[in-house]
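A short worksheet on the structure shown next.
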Amino acid sequence: MSAIDQISSFVRFSQKRFNIHNFVQGLSYGYIVFAATSMLIAAASILKGFKVDLRWLIPTLLIGMTVTIFIYLRKRISYHTAIEKADRFYDLKDGLVSSIAFHGKGKENGIYKLQAADTSNKTTQMNISEIKIKPAWPLVRISSFCMIGFILLSFLPDSPGITAKKIMQKETLERTEEIKNFLKKEIDELEEQLDEQEKELLAKTKLRQMVEQLKDTKDRKEALRQYALLEKRIRDFSTRNNTAHDEKFLSEIARELRKGKENPSLAKNLAEKKYKDAAEDFEKLKQTANKDLENMRKNFTPLKKTARRMKKARDNSRNCKSGFCDKAGNACESVSDMASALSEAEKELSENKEGKECYGKLCDSVKDANECLAGMSKDLRDLEAKRRFLSKLGAMRKKLGMCQSSLLGQCQMPGGLKAGFGTDPSFDGKPEKLEEGYLTSLKGQKGKGPTQYALEDSSKGDGVSLLSSESKRAEFKYQVESFVRREDIPETLKNGVKTYFEIIHEETEKE
Amino acid sequence: MENSNKTLNDKEAKKNIDDFLKTFQSLHREISKFIVGHANIIDDVLIAVICEGHVLLEGLPGLGKTALVRTLAQSLHLTFRRIQFTPDLLPADILGTNILVERDGEKIFNFQQGPVFTNVLLADEINRATPKTQSALLETMQERTVTVANTTHELKLPFFVLATQNPIEMDGTYPLPEAQLDRFFFKLKVGMPNHEEFGTILDRTGGLELPEISGVADGETILSMGRAVRQVPIAPEIQNYLIHLVRATHPENKDSSDTVKRYVRYGASPRAAQAMLASSRARALLNGRYHVSRDDVKSVAAPAMRHRIILNFEGEAEGITTDDVINNATECTR
């Protein structure tokens, strides 16, 4: 090996050694960054009340490795730098620099040869391992302390507050899943119970899509916000399809009809809101045009009187917003036209005229009147369907409210097993009979107990309460009597309350 | 020793260098017979002589400056003249003058050589002469010639001036002008000997016999040693370092230190760099190397530059020395 080759080889070995040392130094810096960052994160977690999450070690380790690589790249020395560094390290008095520079210029004879040989000779006496590969021990020690601190901190549990919060988040997530599934199931069940008209209404609500869009979340506020939004949409739908005006107007018709005796069935059905039956009653009022005018007038009389009552009810209901107002008006006009046509026909016949023209008119008016009646029948059936659906939707909304309450831990989840589906393992699984029994029981209560509509709000303040005054009055009476019976109320106060309600009763009776 | 300027092969170079070292050590040993201590001063004087440079020795009276020069001349087998500089000394007293002589019945001017026509000239207390007389040495120091009445007379080589001056006594003295100072290769400060050296001085000079100095080299040997020194190579990195170091003494250089910018009026001249290069080559050989290192450059920075740097008023007022400036520049230069 020539002198310059020996020198180059020596420099390369030195460069490698220096670079390994630099990498180890970089590793020390990376280690302290890793340890210090981990420690800081651990301390911050503990201060915030959280248990130290060991997954933080991954990003901090990555940061540490990045720092190591960055420092190594910064400190890594080139061959040229290694020449000078090795020169200084081995105290070769610029021998390496000079030799390589002279070699680079092609000066290799005479004194240059002596110089190269001298430097080469010196390098052979040098020990490469004198370049120590050692980490920055102070940094390593500090880093190790930090890591010990991190490990110790990682044993600390969550604070009670955080533990509770996590449990709550877990519960919220579970509850939101449960509620979503529950709502889906409820919609499925609801759909099964609905007829075609109601299914159309259900489709308009887009309830299923909304429920599908509900997200499972850990955030209770977010969950409540979702349910509130869903409830608002249901409420908006209910408000848009409110039947209170129609029902009020139909009640007014029923009140007017009750004054007469001509159609008690219709009056009763309208008063009791049996609109499907009322629709059939309206169907019964349809007329048939024939030449037997006497018989026709006889059949026409109930319709005429009913129309008159309806007209009066319409006159009584000023500012009526119900669609039935116009329909009732149209029906009345048709009936009036029919009455006129009938009178004209009778007059013609009494004058022994053939009355073909009049009969034709009569037929037309009968047809118009029948169409109006049919229209009213249809609307009543629709109203009946809408009422049923809104009632079910209201129940659904209530359940949604209960779901919200259950999310807040204020009540149990609504639902549970249907009647007869208890948790008794010995149950032989014959729900049909029991369900029938349940339905029978429901039928027995229908219309007698307080209706669920009692809890429905009117969004704009112009709604009409459907709560019967009798039931409310009975409730107040019970409350007052229980208040009066209380022993801790002074006697004078009890007497005052008694007197107040007696006066009210007296005035009510006078009215 | 080889005499030619051709590139030598490694064996010839090695022989030249060995001869150089042998002669240098002999000279040093010989001078040290009489001069006690001051090993660095002796080395520096010898380096300056080998590099054909002039030396300004500064020190208090009685420290052996003149003795050193005299001993050097004796050990070199060279002609030696001494001029005691005084205020009334004239240039002609140094250089020589034309005198009217009668030859073959005809009166002609004949040039009478002055004491400058020698190999080693000791200019004792050079700062006591007037600037006019001091300036008489300018041509001789740089060109090694003397011009009188439009006739130029060449001096015999080797020729070097070894001047002394007293740094304390300033009354009746004339500080050397910058141009004159710049012609000195080195300015050496001769310090006080220590206790042991004092004892040795007394032992050697207090008896009946003085140490006998024999000549170990002649003028040709000195010139040959100079050629041996000049073949020592310097790497571009080291030469750059040398240039940076010299430039670092200049206040107008943006890389100069704050100390230099604050206290220096003029930095070292290119002659300083030449002197440093030549002397650092010699230093490299003396240190057993065949190349110049940064340490060699550093070691000659002070003697080569201290008389070439001019401090400003603030530097003078604050007691800053040129050696302080050089140390600062050396620390700041990489």
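Below, all heavy atoms of this structure are taken into account, side chains as well, without hydrogens, waters or symmetry copies. So that the names make sense, note that chain A is the first sequence line, chain B the second, and so on, each numbered from 1.
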What part of A:H103 lies closer than 4.5 angstrom to a heavy atom of chain B: side chain, backbone, both or neither? neither
Might you confirm whether atom OH of A:Y79 has over 12 heavy atoms from other residues, nucleotides or ligands at distances under 6.0 Å? yes
Please say whether more than 12 non-hydrogen atoms of neighbouring residues, nucleotides or ligands are located less than 6.0 Å from OH in A:Y29. no
Give a yes or no on whether B:R247 atom CZ has more than 12 heavy-atom contacts from other residues, nucleotides or ligands under 6.0 Å away. no
Cut-off 4.5 Å, heavy atoms of chain A, and the answer for B:E237 is side chain
Under a 4.5 Å cut-off applied to non-hydrogen side-chain atoms, are A:K113 and B:K11 in contact? no
Just wondering, are more than 12 heavy atoms of other shown residues or ligands nearer than 6.0 Å to NZ in A:K165? no
Considering residues, nucleotides and ligands other than A:K218, do more than 12 of their heavy atoms fall under 6.0 Å from its NZ? no
Looking at A:F89, I'd like to know if its CZ atom is crowded, meaning that more than 12 non-hydrogen atoms belonging to other residues, nucleotides or ligands lie closer than 6.0 Å. yes
Using non-hydrogen atoms only, which part of A:K107 is less than 4.5 Å away from chain B: side chain, backbone, both, or neither? neither
Grab the two heavy atoms, one from B:A13 and one from A:G110, that are nearest each other, plus how far apart they are. CB-C, 4.4 Å
Evaluate the criterion salt bridge (charged side-chain N to carboxylate O under 4.0 Å, His left out) for residue pair A:E84 and B:R334; output intermediate values, then yes/no. CA-CA 11 Å; A:E84 293 199 346; B:R334 290 282 174 272; over 6 Å; no
Heavy atoms from other residues, nucleotides or ligands near NZ of B:K22 exceed 12 (cutoff 6.0 Å): no
Considering non-hydrogen atoms only, spot the tightest contact between A:I111 and B:P233 and give its length. CG2-CD, 3.8 Å
How many angstroms lie between OG1 in A:T119 and CZ in B:R289, if you round to the nearest 0.5 Å? 9.5 Å
Smallest separation among heavy atoms of A:S98 and B:V292, with atom names: OG-O, 4.1 Å
Atom NE2 of residue position B:H28 - does it have more than 12 heavy atoms of other residues, nucleotides or ligands inside 6.0 Å? yes
Under 4.5 Å to a heavy atom of chain B? For A:L92 that would be backbone
Hey, does A:Y112 have a side-chain heavy atom less than 4.5 Å from the side chain of B:H291? no
How many angstroms lie between CG in A:L114 and NZ in B:K14, if you round to the nearest 0.5 Å? 6.5 Å
Nearest 0.5 Å please: distance from the NZ atom of A:K93 over to the CG atom of B:N287. 7.5 Å
Among B:I17, B:V232, B:I234, which has the most heavy-atom pairs under 4.5 Å with chain A? B:I234
